[in-house]
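Below you'll find the structure, written out as structure tokens, and then a few comments.
Below, chains carry the letters A, B, ... as their sequence lines are ordered, and counting in each starts from 1. Please read all numbers here as calculations on a predicted model, not as lab measurements.
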Amino acid sequence: MNNARDAILAQLAQANPQLPQSTAQTPLPGLARLADTDATPTDRLTAALERIGATWELTDSPVSARLLLATALQADNVTRVLTWDEAHLPSPGLLDTLNVLGIETMIPDLRAAPLRLRPQDLDSRGDLLQAAAGVEVGVVAAEVGFADTGALAVRGGAGRPLLSAFLPRRVVVLLPVSQIFPSVSRWLARKNPLRNDAVLTFLSGPSQSLDLELIRAAGIHGPRLVHVVLIGGSA
Amino acid sequence: MPSPFKTRVAQALADSDLRTSQARASSRLQRWRNASFDELETPWPDLQAAAAASRRAALDDLPRLLQQLEARLVQRGVEVVWAEDGAAAFRYIAALATARGLDTALRSRSPLAEEIGLNPALAEAGIQVTNTNFGDYILQLAEDRSSHPHFPALHQSAADVANLFERKLDMPKTLDPQAMGSMARFRLRRELPRHGMMIGQVALAAADNGMLVLVSDAGEDRIAASLARIQVLLMGIDQVAATVDEALFLAQMASRSAAGQDMPGAVTMLSGPARAGDPDGPGELHLVIVDNGRSALLATPFRDALACIGCGACHNVCPVTREIGGQAYGDGYTGPIGAVLAPLIARAPTKSRRPTRDTVPPVTAAGIPLLDPTAADLPLASTLCGACADVCPVGIDLPEMLRSLREARLAAGRPGLVDNTVRAAFRWATSNPANYHRAHGWLQRRLTGSIAPPLRAWRDGRDLPTPADKLFRDRWAERNRP
């Protein structure tokens, strides 16, 4: 395959003989909507969430977010949630509160399966996934929300299994309002989105497919319902 | 004998249900696209110019960007592999699966996998691939092929799929797409733990920080990125942007152009395999960078075609494509960009792409090979109206490329009896007004009456208006007669 690399690169170099090696980067234009000109970032985000089929509510502090979420889950007779380590949730004490209310919290971890797969490893993964897939609700946090599109940046990593966001049928995403950015490009301009994590995903509302006659079918590969809890005040 | 393309066109034109549904879908997608750009502060020409500049700068600088990307990824433990053609790509994937003791894999939406015939090739090597994209899943069950770059099963009606799911999945018949989608979710979720390997495609890679950007509507890539122990991503050598900012800008331009979505339903950015301590994510990440004729194409006047970001906007707006549908183009790329790429990009031979003696000799005017001779007729499927260039988010001059490919087809030396006859007749008819008048009358009669077989094939392959009983010039003369 190294020969292939050299051959391809040589052919590419030959195809671009007179062109400069690099060109000065021109700034990219924004993708802001005309209607959003005078709205606050929170108003723009909530409008965008509604456009993409997500629901939302605004709380005034991490404590009220915790109480609101716990009582709502209890009222819905939810008995188990897939979630993250509490250190990564912007609502301290949430998992304890859920446990006190009799709601079991599961943090899925697939590391048990070794890299080299054997049939028994697949079985153990299968058992774990089956147990996780039976859980109706996921509770995770978004690092950033983008006001122009309603997309939420969810970062995977230690203590933050992405399965908790994408396996359940319903997912609740916690987002501090201080973490609302006007657009992806404005966020990228401020910080390196990569850090040291392997994966970063943008969640844009429920998982939706238009494959059948362009009619929306939700939840084929992810949550069918996405509810965003916006947290005002400081964590 | 008509070429395979013309046969497929005739079949499509004879299917009135298909034509109605294609036209309806194209209109809706166009409407969503237009509304999506109309609502933005920045005017469309500025957005198109910026996206075009980004793609062309990347194509001009490919060797450096690819090496920069490779260095970043290797540093983070990604296995980067270069494949000169499709055969090399699937040989690598098959060997990897065999080495890990796997005989199955899941595959998300990947036009590149279709281009190189990945599923059948892996099946021959004893590895069964299940498609996870909802549209591709339907097509696999139906043993059918893709008809649209973004919505591969667009030609299938809800009734078709209801029958299919009843037959193959024992699902009680329903016309509700949501219910059928839920059935697919149930089946695919059951499949997930069985497969150690997941295959997908990079939409664009960012060279500056080595991020692989994957996009999908329903999010099959992010599920794969969470569950896969071994994730294999295919990437064309052209699918690289200089920065992550540009990659995401282009992904948004593509989703708006495809179906008017502000942002693709799911964007996943991968920088490497799972780190120590990560609870999920791939243990191994392999990136297969595929050339398959692209580096040769870059050295030709058609290099701009590689700027394509796969949105399908040209497919949706083309007046020819909306009549004949995507399947008429064959097994690979569809619409105006498909008519350019299909003859120029090497693809795996399949039953419908086997060369026939009627196909054009495989050389273009620029001296590059038409690698897929059965696709040489595809550039004829255009009115050259220019609508495709207008909506292309990266400003590819598709009409000019289609015209050049037609020229190349003729330069290859075998235009055929019909082409020569029509050309000679046109020359004669336009040589003076009297001939033009005679030809007009003759043509008017022949559009509905009997005509020699080669011209009959030309006439019957088109929807032509019924001619008036009398020529306009005759009516004009009668009206003004004193």
Check whether any side-chain heavy atom of B/M263 lies under 4.5 Å from a side-chain heavy atom of A/V184, and answer yes or no. yes
Once salt bridge (Lys or Arg N to Asp or Glu O under 4.0 Å) is applied, do any residues pair with A/E86, and if so which ones, sequence neighbours excluded? none
Looking at B/R64 and B/D61, is there a salt bridge between them, counting it only when a charged N and a carboxylate O are closer than 4.0 Å? yes
Heavy-atom proximity to chain A below 4.5 Å, by part of B/A158: both
Between B/R222 and A/L200, is there a donor-acceptor pair closer than 3.5 Å when you use the side chain of the first and the backbone of the second? no
How would you list all residue pairs meeting salt bridge (charged side-chain N to carboxylate O under 4.0 Å, His left out) that involve residues 200-215 of chain A, not counting sequence neighbours? none
Heavy-atom distances under 4.5 Å only: say whether B/E39 touches chain A with side chain, backbone, both or neither. both
What part of B/M180 gets within 4.5 angstrom of chain A, counting heavy atoms only: side chain, backbone, both, or neither? side chain
Go through the atoms of B/S216 and report whether side chain, backbone, both or neither lie under 4.5 Å from a heavy atom of chain A. neither
Which region of B/L62, side chain (C-beta onward) or backbone (N, CA, C, O), has a non-hydrogen atom less than 4.5 Å from a non-hydrogen atom of chain A, or is it both or neither? both
Okay, B/L40 and chain A: the region with an atom under 4.5 Å from a heavy atom over there is both
Chain A heavy atoms under 4.5 Å from B/L298: which part of the residue, side chain, backbone, both or neither? both
Taking the side chain as every heavy atom from C-beta outward, state whether A/L214 and B/W32 have any pair of such atoms under 4.5 Å apart. yes
At a 4.5 Å cut-off on heavy atoms, which part of A/P108 comes close to chain B: side chain, backbone, both, or neither? backbone
Do B/L106 and B/L227 have side chains that get closer than 4.5 Å, going by heavy atoms? no
Which atoms of B/L212 are under 4.5 Å from chain A, going by heavy atoms: the side chain, the backbone, both sets, or neither? neither
Side-chain contact test, heavy atoms from C-beta onward, threshold under 4.5 Å: evaluate it for B/N209 versus B/S271 and give yes or no. no
Turns out that what part of A/R186 lies under 4.5 Å from chain B's heavy atoms comes down to neither
Between B/R109 and B/D136 (salt bridge meaning N to carboxylate O under 4.0 Å), is one present in this structure? yes
Proximity breakdown for B/L47 and chain A, heavy-atom pairs closer than 4.5 Å: both
So for B/D38, is it side chain, backbone, both, or neither that comes closer than 4.5 Å to the heavy atoms of chain A? backbone
Pick whichever of A/L163, A/I107, A/I52 has the most heavy-atom pairs under 4.5 Å with chain B. A/L163
Answer yes or no: is there an ion pair linking B/R303 with B/D60, defined by an N-O contact shorter than 4.0 Å? yes
Side-chain touch B/R189/A/L167, heavy atoms, less than 4.5 angstrom: yes
Bottom line for A/A218: the part with an atom under 4.5 Å from chain B's heavy atoms is both
Need one label for B/P264: side chain, backbone, both or neither, based on atoms under 4.5 Å from any heavy atom in chain A. backbone
Taking every non-hydrogen pair under 4.5 Å, which of A/D148, A/L210, A/V154 racks up the most with chain B? A/L210
Separation between CD1 of B/I289 and CZ of A/R5, rounded to the nearest 0.5 Å: 8.5 Å
Would you mind checking which part of B/R294 comes under 4.5 Å of any heavy atom in chain A, side chain (CB onward), backbone (N, CA, C, O), both or neither? neither
Is B/S157 in contact with chain A via its backbone, its side chain, both, or neither, using a 4.5 Å heavy-atom distance? both
Could you look at A/V199 and say if it's the side chain, the backbone, both or neither that has a heavy atom under 4.5 Å from chain B? both
